[in-house]
**Q** 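Before we start, here is the structure in question, set down as structure tokens.
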Amino acid sequence: MQFLTTVLFDGLIYASYLFIVSLGLTITFGVMKILNVAHGGFFAWGAYLASISIIYLGDNEYNSYFYYFAIFFSAIIVGLFFGYIIERFILRKMYNEDIHLIVLATFGLFWILEDLILHVFGVDPLMPYYPAMELGGIEIAGIFQGVYSLTLAALAIIVAFICWYFLKKTKWGKLLQSVIFDREVSVSMGINVTNVYLITFIIGGMLGALGGAYIAPTISVSPGFAIDVVVMSFAVVVIGGMGSVPGALIGSLIVGLVRAFAVHQAPILELFIIYAIMAIVLILKPEGLFAPPKPRKI
Amino acid sequence: MKLTYLKTIGKIAITGLIASVLPLSVNAKDTVKVGVVSFLTGPAAGPFGTPAKQGAELVIDAINAGTMPAPYNTKGFGGAQLDAIFSDESGGGTKQVGLFRDFVQKQNVDAMIGYISSGNCMAIGPVADELKKLTIFSTCGTERLYEEKLRSHVFRTQGNAVGDSLGAAKYIADEYFKGKVSTADKMFTGINQNYAWGQDSYKFFVLGMKQYMPSAVASSKPQFPKLFSGQYGSEISALSLDPAKIVHTSFWNGDFEAFMLQGLVRGFFSKKILVSSVGGSGVDSLGKKFPDGVIMGTRGNVGLIVRNDQTPLNKWFVESYKKRYGAYPLGPSYQYARAVMLYKIGMDSAAKKAGKFPTQDQVMAAMKGITFESFVDKIEMKRGGGHQAVHSIAYGVTKFNKAKGEPGIEKVIKYSASCVYPPAGVKSQSWVESGMPGRKCN
């Protein structure tokens, strides 16, 4: 029982982290049909901006509520700033190009964002541990879990709910679904697809940055740490289905729980098992488990 | 008139010829060009690559100026000034081999110094021999570098991972199991990065524990997360559920700091005894948050373990480093400085013997098999055919120094090289498995 409870908590915490990061990736793909490799850059910038803010606040003994404000504020700033610049001045000029060229462009942008980090923040690792240290640990089934990490699961639930509400209950969500379903029809119905693209890219970037900003207090934030996160997020969206929000949720849960089980029972298979699942899904259902339906065009 | 005109042209031509040739010949004797490679980007840059570069830079500048204490107080390298070209080690073995070839074949360097990653050293070693270019590895730890094949042009001033792992096992046996201990205390496990360094380190730790503590039992589920994975929540849970009390790690770079941070929040270190063979950088990063009671090694007498040692060379290094960079030198700072010091000794000795600017072969002959003065100890180039260093290994227990407001270490024990390294010509694994014949411990 202790074993299963621990695996469940470990898996859920890791899945929450993956979900927040991969949600932005899958929304961007769903609407814009762009595999945004630069998503890792948003993640890294979110982590760095939140780190320097938290370290400043912690060193100067500000109220701990400000840490959380800094985390969300960093995500919003990074998403707005880089999201706007990248979509408005680079991607918008490439929408008529081959999709592979756009992927390569985002790949280049990822490295530019990574390199900018070196120039702006330097190479020294940042350790904004204040929020995680303040919340401490709580004993669950005989094992101490970090309370801050548990709040990550709460954040993932809130983000998932907001996403569901936005897509299903708001006018903007319906417009978004229309664009996801068919861009040309949406244009003919008078939807300003250019604006939808810009806002989607910014929101996707904010989610990526939020993942980095929220995880920063539990890690050593150093140059290059976002690369693995991007790769893992790709595994999640491939398993769940590119462009599918429920797919990102289920994909994150599968990867998180399977990884946790492997770490406990067969540590050497930790990575192998994730990519084995991805390979099996690609063989049996190449579009992913929850890929959105494609319209049949005549 | 015509003859005078021709003579003038001739004089100008000869003067020009001399002027163009002279600087080259002077440069060849006055300057040595050396590539210095360490991680300048990526997760290993902050805790390893940058301190390494700074250590090399400090010592190179001091030797060029003749301001380093004895026995390195003569100016220059064989009388020449060292012109260092710093380069980034990131990108993996294939990229580094390409850069190495570029350094040697296009930039015509006189020597190469550095390399932190064992993977990079394994990739560069054969190429250095192929291109016949003197290369001094400063930090990387895999024992396979010389045990698979002797190297003609490669030297390493850092002892390999075998000594670090055996030293850790011996420290546990000496310091922690002097008294009566429970069965769980005698169980051990590990969390190490899943590549050459991590796997070799744990393998020799297990072998060492079998020798020093035959009753100790290794866990069936040691953890080997991916290098730079950064998230260790599940691993910490798995280690917490494991009855083993001792946890060995050779984590380095940001991985160590992340692991410590995540473990601290979860009270992991109050329940387990952590043995870290190379985590010195994390002690400074976390400062007073770093837990007391962690068994810490620094891969020899460098970094945290010797920062208060008052030998003239060490005192100068610590003070100069702090003055210039505003921090204590870490293990890699010392390691890179040591590699530069060996190069100076080789150049000076060879120049003195040859009575002129030495050739590369003369420099290598002067370095081979020597014992040279390091900051607080001596480095013996006595393994790998005189190309591989051995030195004493030290371990201690972390204890925050409240009076000074900085990290500290206590209960330090030093093990001589003959205690933790096999004799020359003997392979490490077979030596340990056969009971470490001939070992002399202090």
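Scope of the values below: all heavy atoms of this structure, side chains included, with no hydrogens, waters or symmetry mates. All chains are named by letter (A, B, ...) in the order of the sequence lines, taking the proteins before the strands, and each is independently numbered beginning at 1.
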**Q** Quick check for you: among B:Ala258, B:Ala238, B:Ala44, B:Pro47, which has the greatest number of heavy-atom pairs under 4.5 Å with chain A?
**A** B:Ala238
**Q** Identify which part of B:Leu227 has an atom lying under 4.5 Å from any heavy atom of chain A, answering side chain, backbone, both or neither.
**A** backbone
**Q** Taking only heavy atoms into account, what residues of residues 18-26 of chain A are found under 4.5 Å from chain B?
**A** none
**Q** Between B:Leu239 and chain A, with a heavy-atom cut-off of 4.5 Å, which part of the residue counts as in contact: side chain, backbone, both or neither?
**A** neither
**Q** At a 4.5 Å cut-off on heavy atoms, which part of B:Pro51 comes close to chain A: side chain, backbone, both, or neither?
**A** neither
**Q** For A:Ile219, is it the side chain, the backbone, both, or neither that has a heavy atom closer than 4.5 Å to a heavy atom of chain B?
**A** both
**Q** Do other residues, nucleotides or ligands put more than 12 heavy atoms under 6.0 Å from A:Tyr68 OH?
**A** yes
**Q** Is B:Phe400 atom CZ crowded by more than 12 heavy atoms from other residues, nucleotides or ligands, each under 6.0 Å away?
**A** yes
**Q** Using a 6.0 Å cut-off, check whether atom CZ of A:Phe9 has over 12 heavy atoms from anything other than its own residue.
**A** no
**Q** Counting only non-hydrogen atoms closer than 4.5 Å, does B:Leu241 touch chain A with its backbone (N, CA, C, O), its side chain (CB onward), both, or neither?
**A** both
**Q** Can you pull out all donor-acceptor pairs below 3.5 Å that join chain A and chain B?
**A**
residue, atom, partner, partner atom, Å
A:Asp10, OD1, B:Ser237, OG, 2.8
A:Asp10, OD2, B:Ser237, OG, 2.8
A:Val123, O, B:Gly46, N, 3.4
A:Gly137, N, B:Val265, O, 3.4
A:Phe144, O, B:Arg266, NE, 2.7
A:Phe144, O, B:Arg266, NH2, 3.1
A:Gln145, OE1, B:Arg266, NH2, 3.3
A:Thr218, O, B:Gln262, NE2, 2.7
A:Asp228, OD1, B:Lys226, NZ, 2.9
A:Asp228, OD2, B:Lys226, NZ, 3.1
A:Arg259, NH2, B:Glu235, OE2, 3.2
A:Val263, O, B:Gln223, NE2, 3.0
A:Gln265, OE1, B:Lys221, NZ, 3.3

